[in-house]
Enquirer: 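Starting off with a structure, shown below.
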Amino acid sequence: MEIAIGLPNAVPGTSGEQMVEWARKAEQRGFSSLGTIDRITYGSYESLIALSAAAAVTERIGLVTAVLLAPLRDNGALLGKQTLSLNALSGGRLTLGLGLGGRDDDYAAIDADMSTRGADMEAILTRLTEVWADDTIGPAVAPPTLIIGGGVPASFERAAKYGSEGWIAGGLPPDAFADSLAKVKQAWAAAGRDGEPRGMALGYFALGDADPAPYLTDYYAFLGEETANMIAGSAARDADTVRGYIGGFSEAGCDELIFFPTVADPDQVDLLADAAGL
């Protein structure tokens, strides 16, 4: 299983200097990819722009949106051109993870109808793949790897229909991840796809003296205080927990695990690399 690390693009107050130092350190320490989390109504950096900054200061490390909220990008042609551009500029390192999102305020901010988000995502995916096959839009480059996120049967079916590699989970523990991955594999086989889908997962961390609670309880406040506190409590706070997550997800069949930060201090990159044995 590959070990990836998230950029602090969704941690409020992160500076551009911290972002690029984080990206450089992550590549130097041997992480497989840099991930981003997507929001509209939050003090975060837009995912594709954050990954463009990371691409400019790195050469090897993968770039992953985990995930980009597709229905909030209501123009498939523009999204297609943007992602082709980033894939070209990064030397083919982009993995585009797409999902629905579940926050009313994000949809309200762009006057989108949350009740039609499934159909809207289907339309975006259809147009996106058309654009990627059309050499009149965007640079002449292979399209990025496409993975689909979500935890319901429709998401598993979209992964099998559109995903070039597979599926990415949200914040699931290893046992729930394994159950969902089995359903993705069933959908993959039912769609007549060759081989097996790639499965990716994510979790949070805050090592050393860092405290994950201020960020995570704020970010997930919309779910209620109890759930937000539970998510904050699940963040890896020490090396043993990091290794426990790595072992658990590896046994569950995960191909790549992304640890997302809860603070923006680039020293967290080294602490995680040491804990993970990189």
Side-chain angles (χ1 to χ4, degrees), residues 4-16 18-20 22-23 33-55 63-76 78-79 82-83 86 94-118 120-121 124-125 128 144 147-152 155 168-172 200-206 212-225 227-232 234-235 258-264 268:
I5 189 170
L7 282 169
N9 76 297
V11 178
T14 300
S15 68
Q18 287 174 317
M19 191 88 74
V20 297
W22 190 288
S33 299
L34 285 161
T36 56
I37 293 176
D38 198 35
R39 282 294 303 275
I40 299 296
T41 56
Y42 200 70
S44 55
Y45 290 90
E46 197 280 328
S47 290
L48 296 177
I49 291 176
L51 289 177
S52 295
L63 310 168
V64 184
T65 59
V67 292
L68 196 74
L69 305 182
L72 303 182
R73 272 75 179 174
D74 61 354
N75 189 313
L78 179 57
L79 180 60
Q82 289 171 327
T83 52
L86 178 51
L94 178 61
T95 294
L96 181 65
L98 296 178
L100 293 173
R103 296 169 173 85
D104 294 337
D105 52 355
D106 282 339
Y107 279 80
I110 65 163
D111 295 323
D113 186 348
M114 194 168 173
S115 68
T116 63
R117 58 185 175 155
D120 293 341
M121 182 162 178
I124 288 286
L125 285 165
L128 183 67
I147 58 172
I148 305 297
V152 299
S155 299
I168 183 168
L172 298 178
M200 300 173 65
L202 60 86
Y204 289 105
F205 76 99
Y215 165 62
L216 290 176
T217 55
D218 180 57
Y219 191 83
Y220 289 103
F222 79 104
L223 295 175
E225 183 177 358
T227 300
N229 285 333
M230 182 183 67
I231 293 171
S234 72
I258 308 173
F259 284 96
F260 275 95
T262 56
V263 297
Q268 289 286 306

Enquirer: Does the cation-pi check pass for R39 over Y45, that is, NZ or CZ under 6.0 Å from the six-membered ring centre and within 45° of its axis?
Expert: no
Enquirer: Show your working on side-chain contact (heavy atoms from CB on, under 4.5 Å) between W22 and I5 and close with a plain yes or no.
Expert: CA-CA 10 Å; W22 190 288; I5 189 170; 3.8 Å; yes
Enquirer: Quick one: does L68's side chain get under 4.5 Å of T36's, heavy atoms only?
Expert: no
Enquirer: Taking atom types as modelled, find out whether D106 and T41 have a side-chain donor-acceptor pair closer than 3.5 angstrom.
Expert: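 Checked: D106/T41 side chains pair up, N/O donor to acceptor below 3.5 Å.
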Enquirer: Rounded at 0.5 Å granularity, tell me how far CG in L98 sits from OG1 in T65.
Expert: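 OG1 of T65 is found 6.0 Å from CG of L98.
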Enquirer: Are the side chains of I37 and S47 in contact, using a 4.5 Å heavy-atom criterion?
Expert: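 Of all side-chain heavy-atom pairs linking I37 with S47, none is under 4.5 Å.
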Enquirer: Could you check whether D120 pairs with R73 (Lys NZ or Arg NE/NH1/NH2 to Asp/Glu carboxylate O, under 4.0 Å)?
Expert: no
Enquirer: Starting at CG of L79, measure out to CG of L128 and round the result to the nearest 0.5 Å.
Expert: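 Reported value, rounded in 0.5 Å steps: 5.0 Å.
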Enquirer: Between M121 and P71, which heavy-atom pair has the shortest distance, and what is it?
Expert: CB-CG, 4.1 Å
Enquirer: With a 4.5 Å cut-off on side-chain heavy atoms, are L51 and L7 touching?
Expert: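 Yes, their side chains come closer than 4.5 Å.
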Enquirer: Are any side-chain N or O atoms of D218 and backbone N or O atoms of P214, one a donor and one an acceptor, separated by less than 3.5 Å?
Expert: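 No; judged by distance alone, with no hydrogens or angles, the pair does not exist.
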Enquirer: Would you indicate whether the side-chain heavy atoms of Y215 and V263 approach each other to under 4.5 Å?
Expert: no
Enquirer: For the side chain of T14 and the backbone of P8, is there at least one donor-acceptor N/O pair under 3.5 Å apart?
Expert: yes
Enquirer: Do the two ring centres, one from Y42 and one from Y219, sit under 6.0 Å apart?
Expert: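 Yes; Y219 has its ring centre under 6.0 Å from that of Y42.
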Enquirer: Got V67 and I168 here, is their nearest side-chain heavy-atom distance under 4.5 Å?
Expert: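 Side-chain contact under 4.5 Å: yes.
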Enquirer: Within the 4.5 Å heavy-atom criterion, are L94 and L86 side-chain neighbours or not?
Expert: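 The answer is yes; the side chains approach within 4.5 Å.
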Enquirer: To the nearest 0.5 Å, what is the distance between OG1 (T262) and CD1 (I231)?
Expert: 13.0 Å
Enquirer: Looking only at heavy atoms, what is the nearest atom pair of F260 and A66, with distance?
Expert: CZ-CB, 4.0 Å
Enquirer: Measure across V11 and P261 and return the closest heavy-atom pair with its distance rounded to 0.1 Å.
Expert: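 So the two residues come closest at CG2-O, 3.8 Å.
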Enquirer: What are the two closest heavy atoms between G76 and I124, and how far apart are they?
Expert: N-CD1, 3.7 Å
